[in-house]
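Step one of this worksheet: look at the structure below.
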Amino acid sequence: WRLNGAVELALSLQINAPDRVFAPPALTNPLKIELGESISLLGYNVAISDNEIKIDLAWQARAEMGESYRVFLHLLDANGNLVSQSDGEPANWARPTTGWLAGEVVIDSRTLAAPGPGEYTLRVGMANEAGERLAAEGWPDGAILVGPVTVGR
């Protein structure tokens with residue numbers, strides 16, 4: 001409607017802030033591996049059905065970060081060949097690391113498709129936007145072994 005020649009608009013804005021969690025969940029595979037200076041991989045839970053592998057990675061910020069890091073999760077076959085992967089910002093691009101608070105725990109759920117029954121290896125880590133992997137305690141190439149897994153047997 002118009003008021004003295006001016007247009008008045010009524011806007012509604014909704015801001016959804018993420019739930020902040022600071023206590024780690026129950027993890028069937030606890031790890032506590034430090035990546036770089038700011039992140040720890042606390043562990044993971046994994047579920048396998050048919051040829052699908054669902055993994056919940058539990059990350060914790062040790063400090064706030066000014067740089068955005070992306071997760072890589074790679075599925076390797078028995079010969080070490082990459083057969084499936086899930087790469088991107090944590091929590092389906094909803095929780096960039098630049099928004100994490102010190103001590104905060106972020107659950108990053110990812111699903112991979114295996115090409116068929118067999119023994120596989122999962123490797124996970126984080127890299128900056130240029131693709132440079134964060135150094136991981138005990139894993140010089142920054143790719144942390146979180147397997148093996150057996151699919152369809």
- Query: Between Leu27 and Asn45, does a side-chain contact (heavy atoms from CB on, under 4.5 Å) hold up when you go through it step by step?
  - Reply: CA-CA 6 Å; Leu27 298 167; Asn45 293 325; 4.0 Å; yes

- Message: Please determine whether side-chain contact (heavy atoms from CB on, under 4.5 Å) holds for the pair Val146 and Val46, giving the CA-CA distance in whole Å, both sets of side-chain angles, and the decisive distance to 0.1 Å.
- Response: CA-CA 10 Å; Val146 293; Val46 66; over 6 Å; no

- Message: One pair to check against side-chain contact (heavy atoms from CB on, under 4.5 Å): Glu132 and Tyr69. What are the steps and the verdict?
- Response: CA-CA 10 Å; Glu132 299 162 337; Tyr69 297 105; over 6 Å; no

- Task: Using the side-chain contact (heavy atoms from CB on, under 4.5 Å) rule, take Gln85 and Leu73 through it: C-alpha gap first, then chi angles, then the decisive distance, then the call.
- Result: CA-CA 6 Å; Gln85 69 187 67; Leu73 177 64; over 6 Å; no

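In this structure, Ser40 OG and Lys32 NZ are separated by 5.0 Å, a value rounded to the nearest 0.5 Å. For the atom pair CD of Glu37 and CE of Met65, the computed distance is 11.5 Å after rounding to the nearest 0.5 Å. With rounding to the nearest 0.5 Å, the separation of CH2 in Trp59 from CD in Glu104 is 14.5 Å.
Screening Val71, Asp108, Val124 for a side-chain contact (heavy atoms from CB on, under 4.5 Å) involving Leu41 leaves a single residue, Val124.
Closest of all the heavy-atom pairs between Ala143 and Arg133 is CB-NH1, 3.5 Å. Minimum heavy-atom separation, Arg20 to Gly99: NH1-O, 2.8 Å. For the residue pair Phe72 and Met126, the shortest heavy atom distance occurs at CE2-N, 3.5 Å. Of all non-hydrogen atoms in Ser68 and Thr98, the two that sit nearest each other are N-CG2, 3.6 Å. The two atoms that bring Ile33 and Glu137 nearest to each other are CG2-O, 3.6 Å, heavy atoms only. Asp77 approaches Asn79 most closely through the heavy-atom pair OD1-N, 2.9 Å.
Hydrophobic cluster membership differs between Leu101 and Leu35, with clusters built from Ile, Leu, Val, Met, Phe, Trp and Tyr side chains linked at under 4.5 angstrom. The cluster map of Ile, Leu, Val, Met, Phe, Trp and Tyr, joined by side-chain heavy atoms under 4.5 Å apart, puts Leu145 and Leu42 in different clusters. Hydrophobic clustering (side-chain heavy atoms under 4.5 Å, transitive across Ile, Leu, Val, Met, Phe, Trp, Tyr) groups Leu31 together with Leu122.
Annotation: side chain of Ile107 is not in contact with side chain of Val21 (no heavy-atom distance under 4.5 Å). The side-chain heavy atoms of Glu129 and Arg70, taken from C-beta on, include a pair separated by under 4.5 Å. With contacts defined as side-chain heavy-atom distances shorter than 4.5 Å, the pair Leu112/Ile55 does not qualify. Residues Tyr120 and Ser84 are not in side-chain contact: their nearest non-hydrogen atoms beyond the backbone lie 4.5 Å or more apart. No side-chain heavy atom of Tyr44 sits less than 4.5 Å from a side-chain heavy atom of Asp56.
Side-chain atoms of Thr97 come within 3.5 Å of backbone N or O of Glu67 as a donor-acceptor pair.
For the residue pair Glu52/Thr111, the side-chain donor-acceptor check at 3.5 Å is not satisfied.
Taking Asn92 as the reference, nothing meets the side chain to side chain contact (heavy atoms under 4.5 Å, CB included) condition, with sequence neighbours excluded.
Counted within 6.0 Å of CG on Asn81, heavy atoms from surrounding residues, nucleotides or ligands total more than 12; the atom is thus considered enclosed.
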